[in-house]
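First listed ligand is number 1; within each ligand, the first listed atom is number 1.
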Amino acid sequence: MATLAEKPIDFTRLAHPSPASDEKRGAILADPGFGSAFSDHMVTIEWSDDRGWHDATIGPYGPIMIDPATAVLHYAQEIFEGLKAYRQADGGIALFRPEANASRFNSSARRLAMPEMPQDIFVESVRQLVLADREWFPTVEGGSLYLRPFMFASEVFLGVRPSKHYKYMVIASPAGNYFKSGAPAVSIWVSKYSRAAPGGTGAAKCGGNYAASLVPQAEAIKRGHDQVVFLDAEQHKWIEELGGMNLYFVFEDGTLLTPQLTGTILPGITRDSLLTLAREEGLTVREERYSIDQWTADAKSGKLVECFACGTAAVVTPIGHVAGHDVDFTIGSGGPGQLTGRLKDKLVAIQRGTAADSHGWVTKID
Ligand SMILES: *Cc1c(COP(=O)(O)O)cnc(C)c1O
């Protein structure tokens with residue numbers, strides 16, 4: 001188990017003058033959905049070129065006022081993270097690999113010409129918010145408290161250069177179980193649009209990547225599918241990922257494959273964790289390129305038996321059907337696969353403290 005260093009920065013604490021009533025909070029926590037309800041507090045930390053990180057506050061959740069000329073509104077200099085706090089089997093609270101989120105936040109910051117945030121401040125900011133809003137854990141099975149740290153260019157300036165002021169914030173949202181047991185596998189649409197190009201920002205977790213994925217995602221929905229899958233921008237041949245989840249393929253010989261990180265794929269922490277868990281089980285996992293033609297052929301021949309997407313929000317989502325302008329095929333039975341379910345259960349058990357954490361992934365905060 002990872003331990004936390006001494007509190008690295010002093011947070012000014014402002015209690016909420018009128019937090020949600022027990023009744024209102026209770027209703028939200030019984031049916032939280034995803035991303036639409038927020039807890040009582042939020043974290044704010046400022047950065048300026050002359051003072052560095054300063055003015056750390058944990059105060060009431062609420063709107064922030066920004067000038068119309070604030071740089072982020074014009075040039076999208078913004079990055080974010082997504083992680084969850086889990087209620088443990090023993091009643092405690094834990095974070096899952098928050099250092100990995102801190103590290104990825106900083107690599108995103110470097111790519112977007114933004115200041116890095118010391119890992120201990122990042123983890124402490126998340127910890128403070130969870131402890132302040134510990135009454136905000138969903139009461140539904142499989143629920144968690146989703147945490148969204150983000151940073152944006154807050155300088156009031158329309159010139160095109162890196163901002164001299166940034167605002168870092170963390171908000172928390174109670175989240176239900178995305179993957180109710182027995183959930184059907186999803187259908188995905190192979191897009192002709194590209195998500196990320198070589199040399200671009202595909203490996204950074206920035207809002208701009210998502211803005212570019214909305215038209216393709218809407219197209220997938222319009223055509224009757226649930227999600228979009230992107231191929232590489234150069235050859236339009238190699239499978240990359242979904243709009244916000246990485247991919248795994250499971251073959252009949254029991255081996256797995258996940259597309260290798262080429263710089264245009266977001267390095268998911270769920271992807272990385274599953275890689276470790278699968279290898280630990282003695283499974284062979286290849287990180288390689290995999291083409292859309294091979295995917296089609298392997299699904300049709302039966303060589304490919306399962307396929308799933310993975311990410312923090314939904315954990316693991318089985319993929320049953322794939323369609324595009326020139327392809328249309330079903331994977332396995334078209335339903336959730338066995339190995340997919342086993343790997344998901346294993347990861348969830350570690351996150352919720354019902355299985356031993358032999359990798360130092362779990363940080364208990366309460
Ligand atoms: C966040 C994200 C993922 C998943 O990353 P996790 O760390 O597993 O949550 C995958 N793809 C994209 C584009 C993402 O933004």
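- Looking at atom 15 (O) of ligand 1, its nearest protein heavy atom turns out to be Y210 OH, 2.5 Å.
- Side-chain N/O atoms of S144 and R87 include no donor and acceptor closer than 3.5 Å.
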Exercise for the section: Test side chain to side chain contact (heavy atoms under 4.5 Å, CB included) on D226 and W189 and set out the steps. Expected result: CA-CA 8 Å; D226 304 293; W189 172 254; over 6 Å; no

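- Contact analysis puts G243 in contact with ligand 1, with a non-hydrogen atom separation below 4.0 angstrom.
- Ligand-side atoms of ligand 1 in range of R104: 5 (O), 6 (P), 7 (O), range being under 4.0 angstrom from any heavy atom.
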Exercise for the section: Please lay out, stage by stage, how Q338 and E306 fare under the test side chain to side chain contact (heavy atoms under 4.5 Å, CB included). Expected result: CA-CA 8 Å; Q338 272 191 0; E306 300 176 31; 4.1 Å; yes

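- Annotation: atom 8 (O) of ligand 1 to nearest protein heavy atom, T270 OG1, 2.6 Å.
- Residue-environment remark: NZ (K164) stays at or below the threshold of 12 foreign heavy atoms within 6.0 Å.
- Close approach of ligand 1 to E241 (heavy-atom distance below 4.0 Å) involves ligand atoms 10 (C), 11 (N), 12 (C), 13 (C).
- Annotation for ligand 1: atoms under 4.0 Å from non-hydrogen atoms of R195 are 13 (C).
- With distances taken over non-hydrogen atoms, the option nearest atom 6 (P) of ligand 1 out of L274, I265, I269 is I269.
- Among all protein heavy atoms, the one lying closest to atom 9 (O) of ligand 1 is T312 OG1, 2.6 Å.
- Looking at G268, G244, P267 and measuring to atom 3 (C) of ligand 1, the nearest heavy atom belongs to G244.
- The protein atom (non-hydrogen) at minimum distance from atom 14 (C) of ligand 1 is K205 NZ, 3.0 Å.
- A centroid separation of less than 6.0 Å is found between the aromatic rings of F34 and Y146.
- Aromatic ring centres of Y290 and Y248: separated by at least 6.0 Å.
- K303 forms a cation-pi arrangement with F251, by the criterion of a distance under 6.0 Å to the ring centre and an angle within 45° of the ring axis.
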